Amino acid sequence: EFMQAFWDIEEAQAKAIQHLASFVRDKNALPYLLTFTELIIFAMKTHVDSLELQVDGCSLLLEILSQALEQDVVMALDENVTGSLLETVRKHSENEELLSLVCTLLMMISASEVAAENLRKVGVIPDLLSILRNFLHNEKICLSCCGVLWSLAASENNVDQALLKSAVPVTSAVLQEHLQNGTVTESACSALWALSLQGWLTENEYEPTTALLLDALRMNPERPVLVKNTCLALASLLRLSEISALRFITDSKGSGINLIKDAYHLHYDDPAVVESICVLINEMAQYDDVVLDMLSQKMEELLSEIKSWFPSS
């Protein structure tokens, strides 16, 4: 009632949000806090110029959403929520701290297909790409934005072809910048997999993207999700282009065949990773030059081992 009565008074809304934040540590308070999400969003929308209120509002929403996910509680997040967050992004496009919070929120929200579709409708992609270009150094922002791009690119409802094509060089720049950070690299590789699967890469991007993905695999072999998604991204590229296949076996830092053999030996007991390796091997086998290389490196031994480990698959 207080928030509704004094909706136009910034100080009153800020105090109310701070008061609500004092309850977030109490896990039993979640049902109570969930009833306030619309009011928090409305306060942020009404007082969009207030940086402090935006930071406090986003922090509180993050806490509420995190608890909801932990407790398997579904939050209804309509276009009003996504539109308001996008308004915050546009109004405070140079504030790194706030953008880091908002982008984390957007990534968590985009896990829902309905929310991802709402984000697409309100036109979030150009804003994400602009944020990535301006804050390429920020690991948290890159992680979150690539997560949102993955959700949007993986959607079957895609009408943003030109926009998603323009996401490829930006996502590649993120990967290049953060190759040594496994978490960010994993997120960027997932986004590139979705983009390649949908066919958004241009012919000129096939070879450099293949080289980048090989670097990601080379530097982060211990991460199963990264290995799986990178192998699937490489499989998509090899399906599209012999240039990618040739780069895969002739990369100056070492052959991709050795990389996938090493990946298999690290993750031989993970069916999802092994399946992605098999998908990649299947694409490799369509090119004669690659097959010759596979034979010279005794890939048939690896395949026999996989068959013996997974006889029923």
Side-chain angles (χ1 to χ4, degrees), residues 44 54-55 58-59 61-62 65-66 69 77 81-113 115-155 157-158 160-198 200-201 205 209 212-213 216 220 223 225-226 229-230 233:
M44 290 171 64
Q54 299 301 310
V55 170
C58 279
S59 299
L61 286 171
L62 259 179
L65 188 56
S66 297
L69 289 171
L77 301 164
V81 175
T82 51
S84 178
L85 291 174
L86 194 54
E87 205 175 323
T88 297
V89 164
R90 289 171 178 167
K91 191 71 181 177
H92 302 278
S93 60
E94 294 180 6
N95 189 283
E96 196 166 347
E97 179 197 3
L98 177 58
L99 289 177
S100 182
L101 287 170
V102 180
C103 290
T104 304
L105 259 177
L106 292 175
M107 177 177 68
M108 293 170 79
I109 288 169
S110 70
S112 151
E113 278 187 45
E117 177 61 13
N118 287 336
L119 283 170
R120 189 193 62 72
K121 283 180 185 173
V122 296
V124 75
I125 296 173
D127 297 279
L128 289 176
L129 299 182
S130 176
I131 291 167
L132 283 171
R133 290 187 191 102
N134 293 335
F135 299 99
L136 191 62
H137 60 277
N138 188 305
E139 294 174 349
K140 197 172 177 183
I141 286 176
C142 288
L143 169 69
S144 301
C145 288
C146 285
V148 181
L149 284 172
W150 180 82
S151 294
L152 295 174
S155 166
N157 237 348
N158 251 310
D160 300 307
Q161 294 188 27
L163 286 173
L164 287 168
K165 282 181 179 177
S166 67
V168 175
V170 183
T171 309
S172 295
V174 170
L175 185 52
Q176 183 75 66
E177 179 77 12
H178 298 284
L179 271 170
Q180 293 184 326
N181 182 311
T183 313
V184 179
T185 297
E186 192 171 289
S187 186
C189 286
S190 298
L192 282 173
W193 169 40
L195 291 164
S196 63
L197 193 63
Q198 300 282 11
W200 302 141
L201 277 75
E205 290 167 331
T209 305
L212 254 183
L213 290 168
N220 303 275
R223 300 181 70 93
V225 174
L226 184 149
N229 290 348
T230 302

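We use all heavy atoms of the structure for the numbers below, so side chains are in, but hydrogens, waters and symmetry mates are not. These numbers were taken from a predicted model, which means no experiment stands behind them.
- Rounding to the nearest 0.5 angstrom, the gap separating the SG atom in Cys142 from the CG atom in Asn181 is 9.5 Å.
- In this structure, OG in Ser151 is found 12.5 Å from CE in Met108, a value given to the nearest 0.5 Å.
- A distance of 9.5 Å separates CG of Leu101 from CD1 of Ile141, quoted to the nearest 0.5 Å.
- One distance of note links CG of Leu149 with CG of Leu129; it measures 6.0 Å at 0.5 Å rounding.
- Using a 4.5 Å heavy-atom threshold, the side chains of Glu94 and Asn134 count as separate.
- Remark: Asp127 pairs with Arg90 by the side chain to side chain donor-acceptor pair (under 3.5 Å) rule, at least two apart or across chains.
- Not a single donor-acceptor pair under 3.5 Å links the side chain of Ser130 to the backbone N or O of Pro126.
- Every side-chain contact (heavy atoms from CB on, under 4.5 Å) that Ser187 has, sequence neighbours left out, goes to Leu143, Cys146.
- Shown here for Ile131 and Val89, the closest heavy-atom pair between the two residues is CD1-CG1, 3.7 Å.
- The shortest heavy-atom contact between Val81 and Ile109 is CG1-CD1, 4.5 Å.
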| said: Pair Leu98, Cys58 - check side chain to side chain contact (heavy atoms under 4.5 Å, CB included), show working. | reply: CA-CA 8 Å; Leu98 177 58; Cys58 279; 4.1 Å; yes
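- Here the closest heavy-atom approach between residue Pro169 and residue Glu205 is recorded as CD-OE2, 3.5 Å.
- Residues His137 and His178 share a closest heavy-atom pair of O-CE1, 3.6 Å.
- Residues forming a side chain to side chain donor-acceptor pair (under 3.5 Å) with Thr171 (at least two apart in sequence, or on another chain): none.
- No side-chain donor-acceptor contact under 3.5 Å links Ser100 to the backbone of Glu97.
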